[in-house]
Amino acid sequence: MSHTRALGTCYYPEHWPEEIWEQDAARMVAAGISWVRIGEFAWSRLEAVPGKLTWDWLDRAVDTLGAAGLKVIMGTPTATPPRWMLDRHPDMLAVDAEGRPRGFGSRRHYCFSHAGYRAEAVRITRLMGARYGRNPHVQAWQTDNEYGCHDTVISYSPAARAAFRNWLAQRYQSPDALNRAWATVFWSRDYDSFDAVDLPNLTVTEPAPAHVMDFRRFCSDQVVAFNRAKVDALRTLTDAPLLHNYMGRILEFDHFAMGADLDIATWDSYPIGFLSDRIDAPAEHKRTYLRQGDPDFQAFHHDLYRAVARRAPAGADAPRWWVMEQQPGPVNWAPYNPAPLPGMARLWAHEAYAHGAEVVAYFRWRQAPFAQEQMHAGLLRPDSSPAPGLAECTQVASELAMMGPADAGRSPVAIVYDYPSQWAWETQPQGADFDWFALVFDLYRGLRTLGQSVDFVAPDADLSSYALVLCPGTFNIGETLKTQLASRTGPVLLGPRTGTRTETFEIPVPLPPQVPGLETTIALTESLPPDAPMPLQEGGAMIRWFEHLEGPADTLEATESGQPALVCSGNLHYLAGWPDTEALSRILRRLLDTAGLDSLPMPDGLRLRETPTHRVWINYSQQSHEIDGITVPPIDAVWQTKS
Ligand code: GAL
């Protein structure tokens, strides 16, 4: 069963006089909105005094919104523990790498490992579930808010240290096993008990990579476990779907592991904030897309979070994923906050639907004239008159019907997405600008500029339906993935850095990548400063990274000095470095061709997304583009029905 497309918004009844709730609800409905998220930061107004719950205002808010015909997404407010919580649990705060606790006065002020706080989070979640779990207006539940935002996954608190020791004891069973895994013979680091192990901060020089990597795995597990505790509390109290709103470029926890516990994946899309805050791109690119956002960054996350949703619930036909927060106008949190071009609030929604979104919800309904986000636009201005986003939202509502059901289908190209690889290469970058996310993003952008629709897949996903599979920078290829890659007949692109470490962060011997059938070995690795690219014979260059390959695999691309840059043994390809845009485009065209897929080079700012029913052309540029017999106007989407 595919789900119907819909619009939503984020509303904070506690911010506004009760007299205007009904009118707000009616205006939402008039704008074509059917979902409304509330409650996710309201803890201090629900429980001003520990144990004394004040539900009446929230009861009335749910009733008012529901009576207007809106479906409520109930947020559980654990991202904002009230001030009294710190009196109860003075040691609940996360601690930064310098050993400083992170203070009260904003949000996300808790450590995922603090058992006392986790119990409080479960308690309030359970109380809310008991109150609203069977309320017919509450049709979805959000756990917490944006896990990981504001750098909150990694904490060096005493609670984290105690929990890490337990985690290690379970993983290794004996200090000897840990000593072997962490190669403690190096620099006399042997441990005789798990209680002697500290967190890997404040060391004199770098801690051992296996130690850091285990800490990163542990941190990810703690976030997943925290969420699971909340999910377990809610499951018995409601049948409504459970979801979380992920954020862009948050890499500190494994979203696939969390996604398996939830029914819907959602994420928060702030294209213009991201362009200035989270994307490494030349200044000219940022100028061109100043008021649109990067043409690939949103799509990347749509595809990623669709993959995160794919596994849950087990047996579902199409994955359910939404945009829970969509930028409607300028945000407040990036270094600079330009206004979107007219039409962008609409185009971003179209793009999300083209990638399979079921719901796009604008953040927020009304701009708050107070507190931290007073400069953040809403669909309404602070005086309740319409902001530009409202008309665009209303227009999208009138366009939903022609988009067909929320089903992204399957793409012919897959990129294996492996969160631990990000942690591994942060642990040991070897080159100052080697960043796994940036590598994957470059490949994704390269594919999209050749007209491809792309799926991300978890490392243990079934790859058999894909014509082309890319596995970039995967630090440790597990046996399942290795077997799948080796048994494919269609082309596979590995590298750079793929398979170059064991689970315990050692260089494997025999030397990597050791994929059966791929007759190449990485003999030596070098990283390159920005002003020292290695030109390739056919044009373009390798930048940042270069591996010296040995072995009988065929050389398809070489550096000007004759070193192999891309090799293959049959369908298995290995890329020895990080190609610049020109080299990457050529290499990808070759692979697409081998896979029997047509490359369709895209003009600036134009992208194509294929769904089972449509070819959707999305134009982020201010020029109109003629392509494949159709015209795509500037800042617009064209849904071309497939014959
Ligand atoms: C999101 C967050 C919202 C709001 C918004 C502002 O990251 O979930 O609560 O802060 O940013 O853009």
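For ligands, and for the atoms within them, numbers begin at 1 and follow the listed sequence. Here, residue 1 is the first one in the sequence, and each next residue gets the next number.
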Asker: Could you say whether the N/O atoms of Tyr12 and ligand 1 ever approach to under 3.5 Å?
Answerer: no

Asker: For atom 9 (O) of ligand 1, what is the nearest protein heavy atom, given as residue, atom name and distance?
Answerer: Arg107 NH1, 2.8 Å

Asker: Return the NE2 to OH distance between His302 and Tyr353, rounded to the nearest 0.5 Å.
Answerer: 10.5 Å

Asker: Determine whether the side chain, the backbone, both or neither of Glu373 has a heavy atom under 4.0 Å from any heavy atom of ligand 1.
Answerer: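 Under 4.0 Å from ligand 1, Glu373 contributes side-chain atoms alone.
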
Asker: Looking only at distances, please establish whether an N/O atom of ligand 1 is found under 3.5 Å from an N/O atom of Asn332.
Answerer: no

Asker: Checking Asp296 against Tyr444: is there a side-chain donor and acceptor pair closer than 3.5 Å?
Answerer: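 No - no donor-acceptor pair under 3.5 Å links their side chains.
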
Asker: Answer yes or no: does atom CG of Asp604 have more than 12 heavy-atom neighbours from other residues, nucleotides or ligands under 6.0 Å?
Answerer: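 It does not: Asp604 CG has 12 such atoms or fewer within range.
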
Asker: Is the closest basic N to carboxylate O distance between Arg108 and Asp144 below 4.0 Å?
Answerer: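 Counted as a salt bridge, because a side-chain N and a carboxylate O are separated by less than 4.0 Å.
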
Asker: Only heavy atoms of Met247, strictly under 4.0 Å: list the atoms of ligand 1 that pass.
Answerer: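 Near Met247, meaning under 4.0 Å from one of its heavy atoms, ligand 1 has 7 (O).
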
Asker: Determine which pairs satisfy salt bridge (charged side-chain N to carboxylate O under 4.0 Å, His left out) with at least one residue from residues 52-75, sequence neighbours left out, and list them in order.
Answerer: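 Pairs touching residues 52-75 that pass the test: Glu18-Arg60, Asp56-Arg60, Asp59-Arg131.
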
Asker: Could you tell me whether Arg364 approaches ligand 1 through its side chain, its backbone, both or neither, with non-hydrogen atoms closer than 4.0 Å?
Answerer: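 Contact part for Arg364 vs ligand 1: neither.
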
Asker: Quick test: of every protein heavy atom, which one is nearest to atom 2 (C) of ligand 1, and how far off is it to 0.1 Å?
Answerer: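 Closest protein heavy atom to atom 2 (C) of ligand 1: Glu325 OE1, 3.3 Å.
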
Asker: Looking at Arg83 and Asp87, does any basic side-chain N land under 4.0 Å from a carboxylate oxygen?
Answerer: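 A salt bridge links Arg83 with Asp87.
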
Asker: Between His285 and Tyr289, does a ring pair (Phe, Tyr, Trp, His ring centres under 6.0 Å) hold up when you go through it step by step?
Answerer: CA-CA 6 Å; His285 179 83; Tyr289 294 107; 5.0 Å; yes

Asker: Please report which non-hydrogen protein atom sits nearest to atom 5 (C) of ligand 1, along with the residue it belongs to and the distance in Å to one decimal place.
Answerer: Tyr270 OH, 3.3 Å

Asker: Give me the residue, atom name and distance of the protein heavy atom closest to atom 7 (O) of ligand 1.
Answerer: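 Nearest protein contact, heavy atoms only, for atom 7 (O) of ligand 1 is Glu146 OE1, 2.5 Å.
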
Asker: Compute the shortest N/O to N/O distance between His376 and ligand 1 and return yes if it is under 3.5 Å, no if not.
Answerer: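 Yes, there is a polar N/O contact under 3.5 Å.
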
Asker: Side chain, backbone, both or neither: which part of Arg108 has a heavy atom under 4.0 Å from ligand 1?
Answerer: neither

Asker: Under a 4.0 Å N-O cut-off, is there an ion pair linking Asp280 with Arg249?
Answerer: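 A salt bridge is present here (some side-chain N lies under 4.0 Å from a carboxylate O).
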
Asker: Check Glu120 with Arg123, please: is the shortest side-chain N to carboxylate O separation under 4.0 Å?
Answerer: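 Salt bridge present between Arg123 and Glu120.
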
Asker: Going by the order shown, which atoms of ligand 1 are within less than 4.0 Å of some heavy atom of Phe41?
Answerer: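 Counting from 1, the qualifying ligand atoms are 9 (O).
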
Asker: As an exercise, identify every atom of ligand 1 less than 4.0 angstrom from a heavy atom of Asp268.
Answerer: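 Atoms satisfying the 4.0 Å criterion: 8 (O).
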
